[in-house]
There are 2 protein chains.
Amino acid sequence: MQEADTFHETLTRLRGKGERLTYPRRKVLEVLIRSGDHLTVNDVQRVLQQAGEVMDTATIYRVLQWLKQVGLISQTDLGGEAIVYQVIDDHRHHHLVCLSCGSISELDDRVLDVLRRTLRRNYDFEPRIDHLAIFGLCRECRAKSHTTARAGMTHE
Amino acid sequence: MQEADTFHETLTRLRGKGERLTYPRRKVLEVLIRSGDHLTVNDVQRVLQQAGEVMDTATIYRVLQWLKQVGLISQTDLGGEAIVYQVIDDHRHHHLVCLSCGSISELDDRVLDVLRRTLRRNYDFEPRIDHLAIFGLCRECRAKSHTTARAGMTHE
DNA sequence: CTACATGCAAATCCTTTGCATCCAC
DNA sequence: GTGGATGCAAAGGATTTGCATGTAG
C-alpha cells in the first residue's frame with residue numbers, strides 16, 4: 001500500500017514549506033488519511049481515543065483548520081449533525097444524500113466537469129468544488145414516493 | 001403585482017391540505033415571499049420586529065421547519081453564520097460564493113440541468129437541487145490570486 | 001372540545017477563544 | 001530561546017426541547 005508513503009511524503013513536503021509538525025497534527029492527518037472517508041471532529045476524536053490518544057476538541061478543530069489552509073483536506077456540510085472533513089485525494093468524489101432515508105452514495109468527480117467549464121466560461125468564476133453534497137431521492141425512496149405520494153421530506 | 005395573489009393562493013391551498021394556518025405561520029411566510037431573498041432565522045425575526053411583530057425564535061424555527069415540510073421553502077447553508085431559507089419560486093437560482101472576499105453572485109438554475117439529467121440517468125437519483133451554493137474564486141479575486149500566489153483561502 | 005401550535009426558558013450541541021504552559025525549530 | 005501550538009475551561013451562537021397555555025378547526 002502506498003498509504004504510508006503518502007503520509008510521509010506529505011510530512012516532508014509540509015516541513016519544506018516551513019510548517020510546524022506537531023504531534024497532534026501528525027496524528028489527525030494520519031487518521032484522515034487512513035480513513036479516507038469524511039469524518040466529523042467527533043469522529044476524529046473517537047478514532048484517536050480508540051487508539052489510546054486523548055486529544056482536546058479545540059486542538060482538533062485548530063488542526064483541521066490548519067490542514068484545510070495548507071490544502072490537504074476539504075470541509076463540507078452534508079446537512080448532518082456537524083461538518084465533515086476529508087483528505088483531498090486523487091479519487092475525488094462527492095455525495096448524493098437521500099432526503100428521505102438519509103442514505104449517502106458516492107458521485108464521481110468527473111460528472112462535475114461540465115459544470116466547472118460552464119462556470120469558468122460563462123461566469124468568470126473559478127470553482128473549488130472539492131466536496132459537494134447533492135440532496136434528492138435515492139432509487140429506493142424514489143420508488144416508494146410514487147406509491148406513498150409524499151412521505152418524510154423532513155431531513156435537511 | 002401578483003405577490004399578494006401568490007400569498008393568498010398559497011394559504012388557500014394549505015388550508016385545503018388540512019394544514020393549520022396560524023398567525024405566526026402566515027406572518028413568516030409573508031416575510032419570505034415579500035423578500036424573495038434568502039433569509040436567516042434572525043433576518044426573519046428582525047423584519048418582523050421592524051413591523052412591530054414580536055415573535056419567539058423557537059416559533060420561527062418551528063414555522064420554518066413546517067414551511068420546508070410542506071414544500072414552500074428551501075433551506076441552504078451558504079457557509080455563513082446561519083442557515084438561510086427562501087421561497088421556492090419560478091425564478092429559481094443558486095449562488096456562487098467567493099472563498100476569498102465572500103461576495104455572492106447568482107447562478108441561473110438552467111446551468112444545472114445537464115447535471116440533473118446525468119444524475120437521473122446514471123445514478124438513478126432524483127435530485128432536488130433547490131438552492132445550491134458553489135464555492136470558488138470570483139473574477140476579481142481570481143485575478144488577484146495570480147499575483148499574490150495564495151491569499152485568504154480560509155473561509156469555509 | 002381537542003389536537004396541535006405557541007411562548008418562555010432552559011438545555012444541547014457545535015465551534016471558537018483567552019490564557020498559561022509547552023514544544024518544534 | 002522564542003514564536004507558535006496545545007490543553008483547559010469557559011464563552012458564544014445556532015438550534016432544539018419540555019411544558020404550561022392558547023387557539024384553529
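Just so it is clear: chains get the letters A, B, ... in the order the sequence lines come, proteins before strands, and each one is counted from 1.
Between the NZ atom of B:Lys27 and the P atom of C:dA5 there is a distance of 20 Å, rounded to whole Å. Nucleotide D:dT23 holds its P atom 15 Å from the CG atom of B:Asp56, rounded to whole Å. Between the C1' atom of C:dA5 and the CG atom of B:Leu67 lies a distance of 13 Å, rounded to the nearest Å. Rounding to whole angstrom units, CE of residue B:Met55 and C1' of C:dG7 are separated by 11 Å. Whole-Å rounding puts the B:Gln69 CD to C:dA5 P distance at 10 Å.
The nearest heavy atom of DNA chain D to B:Arg15 and to B:Val41 marks one nucleotide each, and the one closer to the 5' end goes with B:Val41.
Between A:Thr22 and the phosphate of C:dC23, there is no side-chain N or O to OP1/OP2 separation shorter than 4.0 Å. The side chain of B:Thr40 contributes no N or O atom lying less than 4.0 Å from OP1 or OP2 of D:dA14. Residue A:Tyr61 places at least one side-chain N or O under 4.0 Å from the OP1 or OP2 atom of C:dT15. A close approach under 4.0 Å does occur between a side-chain nitrogen or oxygen of B:Gln65 and OP1 or OP2 of D:dT16.
Using a 3.5 Å distance cut-off with no hydrogens or angles, the side chains of A:His94 and A:Asp109 do pair a donor with an acceptor. Between the side chains of A:Tyr23 and A:Glu53, at least one donor N or O sits under 3.5 Å from an acceptor N or O.
Salt-bridge check for A:Glu30 with A:Arg34: passed, with a basic side-chain N closer than 4.0 Å to an acidic carboxylate O. Salt bridge status for A:Arg110 with A:Asp113: absent, with no side-chain N to carboxylate O gap under 4.0 Å.
You'll find a donor-acceptor pair under 3.5 Å spanning the side chain of A:Arg20 and the base of C:dA24, going by distance alone. In terms of polar N and O atoms assigned as donor or acceptor, the side chain of A:Arg62 never comes within less than 3.5 Å of the base of D:dG4 in a complementary pairing.
For A:Pro24, counting side-chain heavy atoms from C-beta on, the closest listed nucleotide (D:dT6, C:dC25, C:dG7) is D:dT6.
A:Arg25 comes within contact range of the sugar-phosphate backbone alone, with a heavy-atom separation under 4.0 Å but no base atom that close.
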